[in-house]
Amino acid sequence: MLSINKSNTPTKLKTMTLREREAALLKKIRSGDKAAYVELVTPFRERLIRKAKSMVKDEDDAEDIVQDAFISGYRSIHKFRADSGIYTWLYRIVVNRAKDLLTKKKKNPEKPITEQEQQFVDERQSYEKKLELSEESSYLIDKINLLDEIYRQVIELRYFEEMSYAEIAQVLGCNQGTVKSRLFKAKELLKQMILNDEKGEYNLGTK
Amino acid sequence: MMKRGNIILGLSNLFKWLKFNLNEVEEDPDDRALECSLIRCMSDYRRVEISEIRISFDFDSRLLKALEQIEIGHEENSSKLQSILKSNYFRYSLAFSSISLLVAFFYINLSEPSQNNFHTAGSINLDPTLVQELSEEFQLIREIRNSDDIQSLKKLEEYYITHGITDRATRIHYSLETISSK
């Protein structure tokens, strides 16, 4: 039976950069160390479940998606190229799986939820979250939500997921130039919305 | 008057975009304030979102149990692989993908021949990157259909892996393993 003993993580691994650590673990995984794979993916569990949940709107489904994505990732790990980060790679698998599930659910709805009910649930959850956020964050998130999907996406990947331009380009399947111009446009739109708003200056902290 | 205003606004945005892409350091204070706000906001939002996630206590043990069934490089290759090849499911799915892509490709090109960068079909706006991806996938599938070349199949497997479509990549991998074992 496999087990993960985090305290056994060699000191050398702890002092490595993230990429070096990934490379070292990948080497172990390719030689058959399954616990090393779990060690590799564990830091990403919560963030990936959050992403899946934001798409499928169900925490249990989200957890299953991430579990499946990890298994599927392990199957293809021998082909993983270290030029893209593990997180970016798993993120793409999770997004694809979530899309597949949404398509399946559309075709075979188990418990049909009306649009009104869904909107009510979304609004309640969004309200509860806002209570926990600072006034500035809550204000800015409202503005981001007004942007078109392509601009929201780049903002989320850049600032929430903290991905590089290259990683965003990989996730979106476009070139870095496109990422930069979308991000630029997204920020210009945000700035205009905020500056047109009386509260803008205060909320941006430029008073 | 309105038109001139739009042109000036457009030029000003173009100038800012060029500055941004050429990494010029001179930054608008509003841009800097927005950048800082976005970083603070998303860090705050991430904290709230992640704190809400509850993972099942047996998540890791379920994962390990599932991994135990898998051997890297020899993934359940015997029965599953044989059934895939015998049933011709793989070939049919390739044929289906290629037909779908062919239809999509021609539909996109015929619907708006004058625009190379942004395709419009009725009210649907197609992202040029999506068109590029579909063309790439279609090209790889066409190569396989035109020549029984293993390299083309490997290229398609790579394509699916890099795009996170692991199910198809795994199916192709099974086929390649069988071909090489013959």
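Throughout, protein chains are lettered first and strands after them, A, B, ... in sequence-line order, and every chain is numbered starting at 1.
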Side-chain touch B/Leu38/A/Ile144, heavy atoms, less than 4.5 angstrom: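 Sidechains of A/Ile144 and B/Leu38: in contact.
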Going through the checks in order, is the side chain to side chain contact (heavy atoms under 4.5 Å, CB included) test met by A/Arg158 and B/Ile39? CA-CA 9 Å; A/Arg158 180 70 176 161; B/Ile39 292 168; over 6 Å; no
Specify which of A/Glu46, A/Gln67, A/Arg50 makes the most heavy-atom pairs with chain B at under 4.5 Å.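 Among the listed options, the one with the most contacts to chain B is A/Gln67.
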Using ring-ring contact (aromatic ring centres under 6.0 Å, His included) as the criterion, list what pairs up with A/Phe160, not counting sequence neighbours.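 Expected list: B/Tyr45.
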A/Ala36: partners by side chain to side chain contact (heavy atoms under 4.5 Å, CB included), with sequence neighbours left out: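 For A/Ala36, the residues satisfying side chain to side chain contact (heavy atoms under 4.5 Å, CB included) (neighbours in sequence not counted) are A/Leu25, A/Lys28, A/Ile29, A/Asp33.
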Quick one: what part of [X] sits under 4.5 Å from any heavy atom of chain B, side chain, backbone, both or neither?
X: A/Val95; value: neither
X: A/Arg97; value: side chain
X: A/Asp64; value: side chain
X: A/Tyr91; value: neither

Result of checking B/Asp60, B/Ile53, B/Leu63 against A/Arg45 for side chain to side chain contact (heavy atoms under 4.5 Å, CB included):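 Result for side chain to side chain contact (heavy atoms under 4.5 Å, CB included) with A/Arg45: B/Asp60.
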[X] side, atom [atom1]; [Y] side, atom [atom2] - distance, nearest 0.5 Å:
X: A/Ser134; Y: B/Arg40; atom1: OG; atom2: CZ; answer: 8.0 Å
X: A/Glu162; Y: B/Arg46; atom1: CD; atom2: CZ; answer: 4.0 Å
X: B/Ile55; Y: A/Ile49; atom1: CD1; atom2: CD1; answer: 4.0 Å
X: A/Ile71; Y: B/Arg62; atom1: CD1; atom2: CZ; answer: 8.5 Å

Compare every heavy atom of B/Asp44 with every heavy atom of A/Ser137, then report the nearest pair and how far apart it is.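 So the minimum-distance heavy-atom pair works out to OG-OD2, 2.8 Å.
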Can you see which heavy atom on A/Ile141 is nearest to which on B/Cys41, and at what distance?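 Taking every non-hydrogen atom into account, CG1-SG, 3.7 Å.
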Is chain A contacted by the side chain of B/Ser43, its backbone, both, or neither, given a heavy-atom distance below 4.5 Å?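 Contact with chain A involves no heavy atom of B/Ser43 at all.
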When you check the gap from the basic side-chain N to the acidic O, do B/Glu35 and A/Lys187 get nearer than 4.0 Å?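 Salt bridge present between B/Glu35 and A/Lys187.
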